[in-house]
Amino acid sequence: MKSEEIFGQVLRSTRKKQKMSQEKLAFQSNLDRTYISMLERGVHQPTLNSLLSLAEALNMKASELVDLVEQKIAETK
């Protein structure tokens, strides 16, 4: 599985755990909802600015989000 697909899974699960819609995450992160959708489907990789904005909107550090991705990658090996 590609890292962008794993990032998408982590982003989706984190967003849903916080009972947040894609629309709300997009609004709070100042990103487009379709971009959020593409990230969650693994179609795009986030830029550093996007990663920082998403983490802030999810009330977490970007490093925490990356850690979750790294843990998921380790689980798939």
Side-chain angles (χ1 to χ4, degrees):
M1 186 177 292
K2 295 180 181 180
S3 59
E4 55 267 23
E5 292 171 336
I6 293 173
F7 177 83
Q9 290 177 357
V10 169
L11 180 61
R12 180 181 292 120
S13 68
T14 303
R15 175 181 61 77
K16 287 186 173 187
K17 282 179 187 172
Q18 295 190 22
K19 297 182 176 32
M20 189 181 291
S21 67
Q22 284 184 347
E23 290 82 7
K24 184 174 181 181
L25 178 58
F27 178 77
Q28 291 185 349
S29 62
N30 201 29
L31 298 169
D32 194 85
R33 191 213 50 85
T34 56
Y35 181 66
I36 302 291
S37 174
M38 287 187 278
L39 289 174
E40 289 187 356
R41 290 182 286 131
V43 175
H44 282 295
Q45 295 181 32
T47 64
L48 179 57
N49 286 336
S50 296
L51 179 64
L52 293 168
S53 295
L54 289 166
E56 185 177 344
L58 293 166
N59 298 312
M60 59 193 317
K61 294 180 181 179
S63 60
E64 292 173 315
L65 196 52
V66 171
D67 283 344
L68 291 172
V69 172
E70 289 177 331
Q71 289 172 20
K72 185 93 171 167
I73 289 171
E75 289 172 8
T76 62
K77 288 186 177 181

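Here the structure is a predicted model, which is why all the values come from computation and not from measurement.
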Quiz prompt | T34: partners by side chain to side chain donor-acceptor pair (under 3.5 Å), with sequence neighbours left out | solution = D32

Exercise. With sequence neighbours excluded, give me every side chain to side chain donor-acceptor pair (under 3.5 Å) pair touching residues 46-60.
Key: Y35-S50, T47-S50

Quiz item: Excluding sequence neighbours, so at least two apart, what forms side-chain contact (heavy atoms from CB on, under 4.5 Å) with E23?
Solution: S21, R33

Quiz item: Among pairs that include at least one residue of residues 36-52, which meet salt bridge (Lys or Arg N to Asp or Glu O under 4.0 Å), considering only residues two or more places apart or in two chains?
Solution: R12-E40, R15-E40

Quick one: pull up [atom1] in [X] and [atom2] in [Y] and give me the separation to the nearest 0.5 Å.
X: F7; Y: T14; atom1: CZ; atom2: OG1; value: 8.5 Å
X: L31; Y: L54; atom1: CG; atom2: CG; value: 5.5 Å
X: Q28; Y: Q18; atom1: CD; atom2: CD; value: 9.0 Å

Side-chain donor-acceptor contacts of residues 69-77 below 3.5 Å, not counting sequence neighbours, with atom names and distances?
| unit_1 | atom_1 | unit_2 | atom_2 | d |
| --- | --- | --- | --- | --- |
| T76 | OG1 | I73 | O | 2.7 |

Quiz item: Taking side chain as C-beta onward, heavy atoms only, is L11 less than 4.5 Å from P46?
Solution: no

Atom pairs and distances, donor-acceptor, side-chain atoms in residues 61-68, under 3.5 Å, two or more places apart:
| unit_1 | atom_1 | unit_2 | atom_2 | d |
| --- | --- | --- | --- | --- |
| E64 | OE1 | K61 | N | 2.7 |

Quiz item: Same cluster for M20 and V10 if Ile/Leu/Val/Met/Phe/Trp/Tyr side chains link at under 4.5 Å?
Solution: yes

Exercise. Treat each ILVMFWY residue as a node, draw an edge where side-chain heavy atoms are under 4.5 Å apart, and state whether M60 and L25 are in one component.
Key: yes

Exercise. Please report the closest heavy-atom contact between L39 and H44, naming both atoms and the distance.
Key: CD2-O, 3.4 Å

